[in-house]
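One structure below.
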Amino acid sequence: MLDNFGELKRTHSCGALRGEHVGQSVTLMGWVARRRDFGPLTFFDLRDRDGITQGVFNEETAPAAHARAKEVRGEYVIAVTGEVVERDAAQRNPKIATGDVEVQAREILILNDARTPPFQFEVTSSDGLASEDLRLKYRYLDLRRPQLQANLRLRHRAVAEIRRFMDEQTFTEIETPILIKSTPEGARDYVVPSRLHHGKFYALPQSPQLFKQLCMIAGLDKYYQIARCFRDEDLRADRQPEFTQLDLEMSFATPEQVYALLEGLLARVFKLIGVELPLPFPRLTYAEAMRRYGSDKPDLRFEMELQDLASAVEGTDFAPFAAALASGGEVKGITVRGGGAALSRKALDELQEHAKRYGAGALAWIKLGDEATSSLLKALGEDAVKRVAQAAGAENGDAVLIVAGKSKTVAASLGALRNEVARREKLIPANTYAPLWVTEFPMFEFNDEDGRYYPMHHPFTSPLDEDLPLFERAVEGGETELLKGMRAKAYDAVMNGSEIGGGSIRIHRRDVQRLVFKALGMTEEKARERFGFFLDALEYGTPPHGGIAFGIERLVMLLAGTENIRDVMAFPKTASAADLMIDAPGAIDPQQLDELHIGIAKQ
RNA sequence: GGAGUCGUAGUUCAGUUGGUUAGAACGCCGGCCUGUCACGUCGGAGGUCGCGGGUUCGAAUCCCGUCGGCUCCGCCA
């Protein structure tokens with residue numbers, strides 16, 4: 001039998017009671033986390049979002065309550081009324097905040113019973129967390145874990161701080177539509193069929209990009225939004241099909257103003273976890289980041305920069321190196337300091353496998369132990385190997401890992417290897433935050449397969465002013481090769497090897513916009529068809545403007561110190577974009593399909 | 001689209017070279033216990049070895065397929 005809740009008032013949370021409350025009569029409500037039954041004496045750990053308080057039921061002093069308490073099982077929801085008493089010195093529990101006191105129960109109400117949970121969400125050292133699919137199916141139970149609750153509260157505090165800050169900076173929070181129109185640029189769209197318009201579809205926004213620019217054209221001057229975004233692409237540990245961005249845009253803004261604003265904002269947010277970010281953030285151009293770190297989102301918590309070994313191997317007849325250099329590629333390496341020379345054959349094989357995943361043909365290595373050993377010894381000879389090691393800046397005890405090939409492949413594989421080696425060799429200091437700006441991204445990416453140029457950021461990104469003449473020559477003069485060198489006023493905010501934000505100064509001039517579309521091989525008609533409303537808008541007095549979008553989840557992941565985006569979302573999806581709790585996506589009624597004029601094609 | 005890895009009791013896992021009745025811990029149920037806090041202790045229940053097929057006298061174990069979780073490449077600001 002359950003008890004009626006009635007008018008009973010909770011007086012304190014389960015994390016509130018301290019020595020100062022001793023003697024008070026209190027009523028706590030919560031879940032039974034654990035029960036320790038000694039017959040005439042029974043202890044309960046009562047849990048709510050604030051913490052845990054021990055309740056004591058004594059047969060001698062409160063026989064009715066004690067008898068009732070016998071019926072209680074794990075995760076029952078109960079209300080306990082009693083007196084706060086101080087624990088004897090030997091009975092205090094330093095592991096919980098309320099451990100100096102306990103509640104001597106007079107009365108208990110069983111507000112609800114509970115089935116035995118399908119898994120234990122209190123993790124002890126002897127057994128691990130239940131499998132993720134089970135926890136996702138019962139997400140509302142998994143969320144009872146204090147760690148997940150703490151993450152969600154941290155996320156709330158971060159978002160609240162962001163709103164405060166943006167308000168102080170006189171930004172206006174503006175909501176933009178969720179049901180919009182598909183644009184073929186960028187990611188795959190999630191699509192929603194229209195009932196009123198046969199055969200037509202809305203798309204969910206990949207980001208509020210065009211709307212925020214329209215806000216600038218409207219003269220709203222400073223816009224921001226904590227915006228949900230949708231992208232129908234494959235998932236990763238830090239990627240979900242729907243996610244949240246701090247999206248912002250400023251009129252008359254330069255990149256410097258965007259950097260300053262965001263640095264101020266991030267400094268405020270990181271203060272929430274007691275971290276003082278070093279201001280201003282260091283900057284690297286895209287070209288420099290790729291050259292020195294092999295990545296456009298380098299992890300600056302450790303060194304291990306890429307070393308150019310081309311001159312050290314110049315003139316070699318070792319085919320992989322010679323071929324790479326002859327065809328305009330590179331030979332580069334990273335130097336593993338300290339323990340590098342102790343890397344086992346197995347470890348080197350694993351690292352080679354890792355590098356191959358990113359397109360490297362092979363991984364060459366040099367180990368400077370008591371004597372130099374190297375996979376290149378036969379091919380290059382001892383002198384050349386030493387020369388290479390020296391060029392890499394390697395000293396006794398170090399190892400050099402070398403990749404040769406196309407610049408892109410060398411960067412990708414060595415960049416990935418740099419992270420992997422740092423992780424394995426424990427070169428990454430804990431509780432360290434290394435933010436930076438990566439600037440001057442290329443305007444375009446050349447696709448080898450179809451021979452076309454694609455925007456690296458999006459087609460509304462402004463070129464660098466000094467590259468404009470180049471741009472005109474490339475597009476109007478037909479020197480399309482020049483497009484590869486064009487730089488944009490585009491920038492990413494990077495922290496600890498994670499891209500947490502990206503933005504740009506936008507094109508505000510119709511003539512420049514026309515050049516971009518032309519460079520992308522888009523006819524004026526095609527552009528009109530896709531973005532006509534926007535091109536019209538550009539002609540009514542568009543201020544120079546720019547902004548940035550920030551991944552809230554990635555930011556909170558850094559704040560919470562977790563590697564997985566599911567740890568900072570209340571109801572995440574699996575790697576196959578399914579929700580195991582509500583069993584989404586699901587089929588819909590034939591009737592609903594009819595209404596939408598949709599038929600499902602047979603496989 | 002591709003690769004790796006995992007799937008055995010409610011949960012986390014072990015399970016030898018293919019061989020008798022598939023084990024442990026935690027949880028659950030019952031008994032005992034007045035100071036525990038991962039209580040202790042005694043007893044008990046609990047299994048479609050993800051699913052389907054094959055090889056074999058015999059399959060949790062070997063093979064093929066398939067489904068699902070996770071991670072990565074491709075993809076994605």
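Computed from a prediction, not measured in an experiment: that's the story for all the values here. Throughout, a chain's letter reflects where its sequence line sits, starting with A, and its residues are numbered from 1. Just so you know, these numbers use all the heavy atoms, side chains as well, and skip hydrogens, waters and symmetry mates.
In this structure, A:Glu102 contributes its side chain and A:Val85 its backbone to no donor-acceptor pair below 3.5 Å. A donor-acceptor pair under 3.5 Å is absent between the side-chain atoms of A:Asp133 and the main chain of A:Leu136, judged by distance alone. For A:Thr562 (side chain) and A:Asn564 (main-chain N/O), a donor-acceptor pair under 3.5 Å exists by modelled atom type.
Here the two rings, on A:Tyr259 and A:Tyr491, have centers that are under 6.0 Å apart. Taking the six-membered ring for Trp and the full ring otherwise, A:His12 and A:His21 have centroids separated by under 6.0 Å.
With hydrogens and angles ignored, no donor-acceptor pair under 3.5 angstrom links the side chain of A:Arg34 to the base of B:rG27. A donor and an acceptor atom never sit less than 3.5 Å apart when one is taken from the side chain of A:Glu132 and the other from the base of B:rG68. Scanning atom types as modelled, one donor and one acceptor separated by under 3.5 angstrom connect the side chain of A:Asp234 and the base of B:rG74. With hydrogens and angles ignored, no donor-acceptor pair closer than 3.5 Å exists between the side chain of A:Gln91 and the base of B:rU36. Between the side chain of A:Arg36 and the base of B:rC33, no donor-acceptor pair under 3.5 Å is found. Residue side chain A:Arg236 does not reach the base of B:rC70 through any donor-acceptor N/O pair under 3.5 Å, judged by distance alone. Side-chain atoms of A:Arg231 and base atoms of B:rC76 include no donor and acceptor less than 3.5 Å apart.
One C1' atom belongs to B:rC13, the other to B:rU66, and the distance between them is 26 Å to the nearest Å. Spacing of C1' atoms, B:rU12 relative to B:rU17, comes out at 28 Å, to the nearest Å. Rounded to a whole angstrom, the distance from the P atom of B:rG65 to that of B:rA3 is 11 Å. With P as the reference atom, B:rC67 and B:rU56 are 27 Å apart, rounded to whole Å. Comparing B:rC6 with B:rA14, their P atoms sit 10 Å apart, to the nearest whole Å. Here the separation of B:rG54 from B:rA9, taken at their C1' atoms, is 28 Å to the nearest Å. Taking atom C1' on both nucleotides, B:rA59 is separated from B:rG18 by 6 Å, rounded to a whole Å. With both ends at atom P, the span from B:rG7 to B:rC32 equals 41 Å, rounded to whole Å.
One atom, CG of A:Leu580, and another, C1' of B:rG69, lie 8 Å apart when rounded to the nearest Å. The distance from atom CZ of A:Arg423 to atom P of B:rU71 is 14 Å, rounded to the nearest whole Å. The nearest whole Å value for the distance from the CZ atom in A:Arg35 to the C1' atom in B:rC29 is 11 Å. At whole-Å resolution of the value, NZ in A:Lys573 and P in B:rU71 are 15 Å apart. In this structure, A:Asp579 atom CG and B:rG69 atom P are separated by 11 Å, rounded to whole Å. The interatomic distance linking A:Gln120 (CD) with B:rA9 (P) rounds to 14 Å, in whole Å. Rounded to a whole Å, the CG atom of A:Asp238 is 10 Å from the P atom of B:rU71. Here the P atom of nucleotide B:rG35 and the CG atom of A:Asn58 are 11 Å apart, to the nearest Å.
A:Phe517 and A:Phe531 have parallel rings, their planes meeting at less than 30° on a 0 to 90° scale where 60° marks the start of perpendicular. Taking the six-membered ring where tryptophan is involved, the planes of A:His458 and A:Phe460 are tilted, since the angle between them lies from 30° to 60°.
Of the candidate nucleotides B:rG35, B:rC76, B:rC70, B:rC76 has the atom nearest to the side chain of A:Arg239. Here the side chain of A:Ala130 is nearest to one of B:rC76, B:rU12, B:rC70, namely B:rU12. Considering only side-chain atoms of A:Gln245, the nucleotide from B:rG69, B:rA77, B:rC73 that sits closest is B:rA77. Across B:rU36, B:rU71, B:rG30, the shortest atom-to-atom separation from the side chain of A:Arg73 is found for B:rG30. You'll find that the side chain of A:Met456 is closest to B:rA77, out of B:rC72, B:rA77, B:rG27.
As judged by a 4.0 angstrom heavy-atom cut-off over every strand, A:Asp37 is placed among the base-contacting residues. At a threshold of 4.0 angstrom between heavy atoms, the contacts of A:Ser207 with the nucleic acid are absent. Base engagement by A:His457 is indicated by at least one non-hydrogen atom pair under 4.0 Å involving a base atom. Counting any heavy atom pair closer than 4.0 Å across all strands shown, A:Leu134 reaches sugar-phosphate atoms only and no base atom. No contact: A:Glu75 has no heavy atom under 4.0 Å from any strand. Heavy atoms of A:Arg115 sit nowhere under 4.0 angstrom from any nucleic acid atom. Within 4.0 Å of A:Arg357, counting heavy atoms only, lie sugar-phosphate atoms of the nucleic acid but no base atom. The residue A:Gly502 sits apart from the nucleic acid: no heavy atom pair falls under 4.0 Å. Residue A:Phe243 is out of contact with every strand shown, counting any heavy-atom pair closer than 4.0 Å. Using a 4.0 Å heavy-atom distance criterion, A:Glu59 is classed as making no nucleic acid contact.
A:Glu553 has no carboxylate O lying under 4.0 Å from a charged side-chain N of A:Arg239, or vice versa, which leaves the two without a salt bridge. Between A:Glu75 and A:Arg47, at least one side-chain N (NZ, or NE/NH1/NH2) sits under 4.0 Å from a carboxylate O, which counts as a salt bridge.
For B:rU61, there is no paired base (Watson-Crick or G-U wobble, both distances below 3.5 Å). Partner assigned to B:rC76 is none, using Watson-Crick or G-U wobble distances below 3.5 angstrom. Pairing for B:rA24 goes to B:rU12, judged as Watson-Crick or G-U wobble with the two contacts each under 3.5 Å. B:rG40 is paired with B:rC32 under the criterion used here, namely a Watson-Crick or G-U wobble arrangement in which both key atom distances are under 3.5 Å. Pairing for B:rU71 goes to B:rA3, judged as Watson-Crick or G-U wobble with the two contacts each under 3.5 Å.
With centres under 5.5 Å and a plane angle under 30°, the ring of A:Phe43 is stacked against the base of B:rU36.
Between A:Thr574 and B:rG69 there is a side-chain polar atom (N or O) within less than 4.0 angstrom of OP1 or OP2. In terms of phosphate contacts, A:Lys95 brings a side-chain nitrogen or oxygen within less than 4.0 Å of OP1 or OP2 of B:rA38. OP1 or OP2 of B:rG69 sits under 4.0 Å from a side-chain N or O of A:Ser576.
Annotation: cation-pi geometry satisfied between A:Lys484 and A:Phe446 (NZ/CZ under 6.0 angstrom from ring centroid, within 45° of ring axis).
If you find the closest nucleotide of RNA chain B to A:Lys70 and to A:Pro118, the one lying nearer the 5' end belongs to A:Pro118. Along RNA chain B, the nucleotide closest to A:Asn564 and the one closest to A:Ile96 are compared, and the more 5′ of them pairs with A:Ile96.
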